[in-house]
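Notes follow once the structure below has been shown.
In what follows, every chain begins at residue 1, and chains take the letters A, B, ... in the order their sequences are listed.
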Amino acid sequence: MNAPQKTDRRALGRALSRTANASVADVLASAQGASGACRRIGVTGPPGAGKSSLIAALVRQRLARDGDIAILAIDPTSPVSGGAILGDRIRMEDLAQNARVYIRSLASRRSHDGLADNLPDMLEIIENAGFAEAILETVGVGQVEYAVRHVVDTILLVMPPGAGDQIQAMKGGILETADILVVNKADQPGAQQLASELAGVMKLRGEAPSGWAPPIVKTSIRDSASVAALAEEIDRHQAWLAERAGAKGRLEARRAQHVASLVARRVAEVLERTSPEDLRRPLAGLYESVIRHLAVFNGAA
Amino acid sequence: MSEQAKTHALKGKRILIAKPGLDGHDVGAKVIALALRDAGAEVIYTGLRKTPDYIARIAVDEDVDAVGLSVLSGSHRDLVQQTRESLDAIEAADIPIFLGGTIPAEDWPDLFALGVKKIYTSEMPLADVVASIAETLK
Ligand SMILES: Nc1nc2c(ncn2[C@@H]2O[C@H](COP(=O)(O)OP(=O)(O)O)[C@@H](O)[C@H]2O)c(=O)[nH]1
Ligand SMILES: [Mg+2]
């Protein structure tokens with residue numbers, strides 16, 4: 001299978017669907033590998049924080065430079081019906097007219113980490129299609145940020161004013177993974193207070209082992225200077241990453257995580273085909289049987 | 001067929017719900033979007049007043065299995081024809097169009113001739129609409 005190019009939207013759209021639906025065996029058979037040439041930016045935060053709107057504002061500015069931009073926006077799949085309403089692109093309507101922007105809405109499906117099935121493979125398709133930048137929107141509450149860490153280079157955590165209580169609760173996890181803390185809707189009351197609280201929390205935390213001190217940026221989609229300041233911080237983080245000796249190690253860590261996610265999916269595939277009788281067997285026997293089946297790709301699985 | 005398979009008849013399908021033309025009422029479009037979601041579909045919603053070219057482009061970028069047009073303005077004939085042409089022009093002749101809204105019965109034959117797969121009016125029970133779409137996309 002040839003890698004679809006960014007100009008062939010029909011082929012690109014279909015390749016992404018195929019990959020989203022692919023079994024592990026299919027993913028392995030069609031994997032192209034990735035060069036790491038595409039800048040990958042993750043945008044996470046609670047629903048309503050303004051992530052989609054802010055991505056649109058950012059992309060409008062970042063189009064001033066060379067290269068095309070892809071936006072992948074993930075919304076949660078309903079655990080009841082398996083369906084989803086994918087509404088992020090409503091905030092990006094003007095961009096959808098731009099031939100240099102590709103927007104794709106994704107449902108999280110079976111993925112339990114807030115990402116989407118086979119997301120690392122879809123990002124490889126985007127990269128190989130020739131996009132200079134990929135922006136990933138995820139609803140971030142809880143464990144999502146850890147999973148995002150491995151598929152993007154730069155993570156923005158977007159919070160609305162009034163999220164102070166949540167910040168107190170999530171001091172640990174979420175704030176430790178974000179590279180840039182964004183207080184959005186800075187045109188509304190409470191933004192400065194949230195920024196100060198965040199600064200306090202970050203100060204208590206002290207210097208991060210990586211040496212990167214996450215900046216706190218206040219933005220409003222109505223104030224283009226604030227969006228430009230955010231774009232600059234993204235570039236500064238990307239430049240910092242590129243200069244670090246560990247830059248190579250990052251791609252390797254990404255690959256390790258990629259294979260770990262494939263193994264997890266493969267385990268799910270095998271368990272889906274395990275009969276209730278087998279599931280009642282003693283644990284050790286069941287475990288051994290699952291392990292044995294992992295490497296045996298038969299039929300659809 | 002199991003009960004589960006019946007209620008989630010649209011599992012794995014991606015459907016674009018779009019409102020072309022000038023009328024400003026999207027309650028019907030939103031109701032159908034939710035019903036399709038509850039039947040297991042991944043629904044992309046475009047918002048009001050979209051041009052046929054724009055709708056076709058999103059359908060291709062999102063690689064949907066079907067486009068549902070909601071038209072209350074009376075200009076369904078032109079809008080259907082233009083959307084069909086826009087889709088055909090970008091290698092998406094295989095993406096079917098469903099039409100919903102206030103569509104007089106005397107217009108139906110023409111609309112089918114223009115390439116509409118199915119037509120649904122607001123009097124039809126939602127469950128029937130969902131079942132019909134699922135059957136057509138099978
Ligand atoms: N006042 C104000 N509203 C904003 C701003 N950014 C987004 N919004 C609004 O917040 C709501 C949610 O935005 P959305 O981008 O969908 O948030 P998401 O759920 O995080 O993707 C929308 O009504 C936006 O218009 C901002 O900077 N200022
Ligand atoms: Mg959003």
Side-chain angles (χ1 to χ4, degrees), chain A residues 4 6-22 52 56 68-110 116-117 122 125-126 129 131, chain B residues 3-19 26 29-66 68 86-95 130 133-134:
Chain A
K6 61 181 190 233
T7 45
D8 188 349
R9 291 298 177 81
R10 193 80 179 112
L12 178 61
R14 283 177 158 156
L16 289 170
S17 300
R18 232 180 357 255
T19 299
N21 298 329
S52 302
D68 293 0
I69 300 179
I71 301 166
L72 301 185
I74 303 176
D75 275 314
T77 289
S78 152
V80 181
S81 70
I85 298 281
L86 309 176
D88 293 314
R89 64 180 307 140
I90 290 181
R91 313 264 181 236
M92 311 176 183
E93 276 178 348
D94 58 315
L95 289 174
Q97 325 257 16
N98 190 314
R100 290 173 54 210
V101 180
Y102 177 72
I103 304 172
R104 177 70 178 229
S105 313
L106 301 170
S108 58
R109 297 202 177 166
R110 281 183 298 186
D117 284 2
M122 283 192 262
I125 288 174
I126 291 293
F131 289 95
Chain B
E3 204 46 45
Q4 172 92 0
K6 226 181 280 168
T7 48
H8 302 153
L10 285 166
K11 198 166 166 74
K13 299 293 183 199
R14 291 169 63 84
I15 299 175
L16 176 64
I17 295 294
K19 273 207 65 73
D26 64 350
K30 284 178 172 160
V31 167
I32 199 70
L34 289 173
L36 295 171
R37 190 265 322 262
D38 291 341
E42 293 173 3
V43 183
I44 294 135
Y45 179 65
T46 65
L48 293 166
R49 302 192 183 91
K50 295 297 170 284
T51 67
D53 271 345
Y54 180 91
I55 291 168
R57 177 146 182 215
I58 293 178
V60 163
D61 281 3
E62 296 282 0
D63 189 35
V64 292
D65 297 290
S86 297
L87 281 166
D88 294 354
I90 51 175
E91 291 174 70
D94 56 317
I95 298 181
V130 170
I133 292 176

At what distance, to the nearest 0.5 angstrom, does [atom1] of [X] lie from [atom2] of [Y]?
X: A/Gln97; Y: B/Arg57; atom1: CD; atom2: CZ; value: 7.5 Å
X: A/Glu93; Y: B/Leu48; atom1: CD; atom2: CG; value: 9.0 Å
X: B/Asp63; Y: A/Leu12; atom1: CG; atom2: CG; value: 9.5 Å
X: A/Asn21; Y: B/Arg14; atom1: CG; atom2: CZ; value: 9.0 Å
X: A/Ser78; Y: B/Asp38; atom1: OG; atom2: CG; value: 7.0 Å

Between [X] and chain A, which part of the residue has a heavy atom less than 4.5 Å away: side chain, backbone, both or neither?
X: B/Lys13; answer: neither
X: B/Tyr54; answer: side chain
X: B/Ala41; answer: backbone

Working note: A/Leu86 + B/Glu62, criterion side chain to side chain contact (heavy atoms under 4.5 Å, CB included); need CA distance, chi angles, decisive distance, verdict. CA-CA 11 Å; A/Leu86 309 176; B/Glu62 296 282 0; 5.6 Å; no
A/Ile85 side chain reached by B/Glu42 side chain, heavy atoms, under 4.5 Å: no
Is the shortest side-chain N to carboxylate O distance from A/Arg14 to B/Asp94 below 4.0 Å? yes
Which portion of A/Arg89 sits near chain B, non-hydrogen atoms under 4.5 angstrom: side chain
Under a 4.5 Å heavy-atom cut-off, does chain B meet the side chain of A/Ser105, its backbone, both or neither? both
Counting heavy-atom pairs under 4.5 Å to chain B, which of A/Gly13, A/Ala84, A/Ala20, A/Gly82 comes out on top? A/Ala84
Could you tell me which of A/Gly87, A/Ser17, A/Gly83 has the largest number of non-hydrogen atom pairs under 4.5 Å with chain B? A/Gly83
Note: B/Asp61 and A/Arg104 closest approach over all heavy atoms is O-NH1, 3.3 Å
To check you understand the geometry: which heavy-atom pair defines the closest contact between A/Arg10 and B/Ile90, and what is its length? CD-O, 4.0 Å
From the list B/Ala39, B/Ala59, B/Ala92, B/Ala33, the residue making the most non-hydrogen contacts under 4.5 Å with chain A is B/Ala92
